[in-house]
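Worksheet for the structure shown next.
We count residues from 1, following the sequence as given. Worth knowing before you read on, the calculation uses all heavy atoms, side chains too, and leaves out hydrogens, waters and symmetry mates.
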Amino acid sequence: RYRGYDIDDLAKNCLFTEVAYLLVHGKLPTEKELKQFSTYLTQHSMIHEDMHHFFNGMPSNSHPMAILSAMITTLSSFYPHSMNEDDNFDETAARLMSKIRTIAAFSYKKSLGEPVVYPKQDLPYCANFLNMMFDSPIAPYELKPLYVEAMNKLFILHADHEQNCSTSTVRTVASAGINLYASISAGISALWGPL
């Protein structure tokens with residue numbers, strides 16, 4: 001159950017972005033709230049171009065979790081204002097959720113030695129992720145609705161890990177008053193472990 005909602009019902013009836021909003025706010029969004037949250041996700045899908053230097057500096061055989069953890073921590077350097085208490089948490093949370101899929105896709109492309117694929121503003125969250133992962137200059141990716149639906153359900157089913165090692169790590173690190181990016185990066189590192 002996520003915030004009192006049966007996961008099966010959420011997977012059947014919701015988009016991942018609605019479930020993400022639910023996990024942040026404890027309630028499903030209204031149409032207006034979802035539209036604003038989705039707007040934030042779209043606005044923040046790009047990563048700063050200077051972050052490409054970090055990707056380029058990583059060895060080609062780097063583990064994707066090492067890249068993801070390092071890049072998430074790096075976001076705090078590019079978005080220091082998000083550490084202010086008066087910052088819009090909805091926008092900060094959406095910025096992280098949006099950029100994490102871009103970073104994950106870029107990490108995957110780097111592991112293959114392929115050029116990165118930038119996010120598209122006209123694609124919803126899951127479709128955008130699939131496109132960034134599998135599109136290529138020589139073989140355009142065909143977005144199949146079945147794959148997008150499957151990705152949406154996978155993201156929903158894995159959205160909350162309850163109180164596992166990585167969740168405990170995020171909460172412990174965050175309790176020190178550290179920024180969201182460093183806390184999530186610590187959780188990613190904990191999630192990387194085989195146990």
Side-chain angles (χ1 to χ4, degrees), residues 1-47 64-65 68-69 72 88-109 117-136 140-171 174 180-181 183-185 187-188 190-195:
R1 298 182 74 79
Y2 293 166
R3 306 290 198 265
Y5 292 88
D6 186 271
I7 296 171
D8 189 50
D9 289 339
L10 294 172
K12 287 179 184 173
N13 300 306
C14 293
L15 296 172
F16 169 71
T17 50
E18 293 173 287
V19 174
Y21 187 95
L22 167 68
L23 292 173
V24 171
H25 293 282
K27 69 178 190 74
L28 286 170
T30 64
E31 188 175 322
K32 181 180 177 183
E33 290 166 336
L34 181 60
K35 183 176 181 183
Q36 180 60 63
F37 194 66
S38 296
T39 298
Y40 287 147
L41 288 169
T42 300
Q43 286 174 344
H44 296 293
S45 59
M46 297 282 289
I47 60 171
M65 293 296 273
L68 183 62
S69 179
I72 295 301
N88 177 346
F89 186 75
D90 259 11
E91 188 169 8
T92 299
R95 179 185 297 115
L96 176 60
M97 283 185 250
S98 192
K99 291 186 184 314
I100 201 165
R101 71 175 163 177
T102 304
I103 291 168
F106 281 24
S107 298
Y108 176 69
K109 287 297 199 178
V117 176
Y118 286 88
K120 293 184 175 182
Q121 289 200 352
D122 61 336
L123 292 177
Y125 191 91
C126 292
N128 220 336
F129 179 67
L130 287 169
N131 189 67
M132 287 188 288
M133 290 285 288
F134 303 114
D135 194 36
S136 166
Y141 181 68
E142 179 187 346
L143 279 169
K144 296 182 180 177
L146 178 64
Y147 295 172
V148 174
E149 183 181 348
M151 183 59 62
N152 187 68
K153 288 186 187 321
L154 285 169
F155 279 176
I156 289 171
L157 296 174
H158 291 90
D160 189 356
H161 296 282
E162 297 178 339
Q163 197 60 39
N164 68 3
C165 180
S166 62
T167 303
S168 297
T169 301
V170 169
R171 290 180 176 188
L180 178 65
Y181 304 116
S183 299
I184 297 298
S185 176
I188 290 168
L191 187 63
W192 183 2
L195 301 180

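Listed by chain and number, the residues in a salt bridge (charged side-chain N to carboxylate O under 4.0 Å, His left out) with Asp9 amount to none (sequence neighbours excluded). Scored by the side-chain contact (heavy atoms from CB on, under 4.5 Å) test, Ser183 finds Val170, Val173, Ala174, Ile178 as partners (sequence neighbours excluded). Take Arg1 and apply the side-chain contact (heavy atoms from CB on, under 4.5 Å) test, not counting sequence neighbours, and it matches Asp6. Considering only residues two or more places apart in sequence or on other chains, Leu154 meets the side-chain contact (heavy atoms from CB on, under 4.5 Å) condition with His158. Taking the side-chain hydrogen bond (donor to acceptor under 3.5 Å, both in side chains) definition, one finds that Tyr118 meets it with Glu49, His52, sequence neighbours left out. For Ser69, the side-chain hydrogen bond (donor to acceptor under 3.5 Å, both in side chains) partners at least two apart in sequence or on another chain are Ser185, Ser189. The ring-ring contact (aromatic ring centres under 6.0 Å, His included) test applied to Tyr21 returns His25, Phe37, not counting sequence neighbours. Taking Ile7 as the reference, Tyr2, Leu157 meet the side-chain contact (heavy atoms from CB on, under 4.5 Å) condition, with sequence neighbours excluded.
Scanning both residues, Gly187 and Ser166, for their nearest heavy atoms gives O-CB, 3.2 Å. Nearest heavy-atom pair, Ile100 versus Tyr125, reported as atom, atom and distance to 0.1 Å: CG2-OH, 4.3 Å.
Between atom CD of residue Gln121 and atom CG of residue Leu41 there is a gap of 12.0 Å, rounded to the nearest 0.5 Å. We find the CG-SG distance between Leu28 and Cys14 to be 5.0 Å, quoted to the nearest 0.5 Å. Here OG1 of Thr92 is found 10.5 Å from CE of Met97. Values are rounded to the nearest 0.5 Å. Note that CG of Leu15 is 7.0 Å distant from CD1 of Ile156, once rounded to the nearest 0.5 Å. Rounding to the nearest 0.5 angstrom, the gap separating the CD1 atom in Ile188 from the CG atom in Leu68 is 4.0 Å. In this structure, Asn13 CG and Asp8 CG are separated by 8.5 Å, a value rounded to the nearest 0.5 Å.
Screening residues 30-41 for salt bridge (charged side-chain N to carboxylate O under 4.0 Å, His left out), with sequence neighbours left out, gives Lys27-Glu33. Sorted by first and then second residue, the salt bridge (charged side-chain N to carboxylate O under 4.0 Å, His left out) pairs involving residues 140-150 (not counting sequence neighbours) are Glu149-Lys153. Annotation: side-chain hydrogen bond (donor to acceptor under 3.5 Å, both in side chains) contacts involving residues 98-108, sequence neighbours excluded, comprise Tyr79-Lys99, Ser98-Arg101.
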**Candidate pair Leu96 and Ile72, rule side-chain contact (heavy atoms from CB on, under 4.5 Å), full reasoning** = CA-CA 8 Å; Leu96 176 60; Ile72 295 301; 4.1 Å; yes
**Item:** side-chain contact (heavy atoms from CB on, under 4.5 Å) evaluation trace for Thr17 with Asn152
**Value:** CA-CA 9 Å; Thr17 50; Asn152 187 68; over 6 Å; no
With a 3.5 Å cut-off and sequence neighbours excluded, list the donor-acceptor pairs that the side chains of residues 127-136 form with protein atoms.
| unit_1 | atom_1 | unit_2 | atom_2 | d |
| --- | --- | --- | --- | --- |
| Asn128 | OD1 | Lys120 | N | 2.9 |
| Asn128 | ND2 | Lys120 | O | 2.7 |
| Asp135 | OD1 | Tyr141 | N | 2.8 |
| Ser136 | OG | Ile138 | N | 3.3 |

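Between the side chain of Arg3 and the backbone N or O of Leu23 there is at least one donor-acceptor pair closer than 3.5 Å.
Residues Asp122 and Thr42 fail the side-chain proximity criterion, which asks for heavy atoms closer than 4.5 Å.
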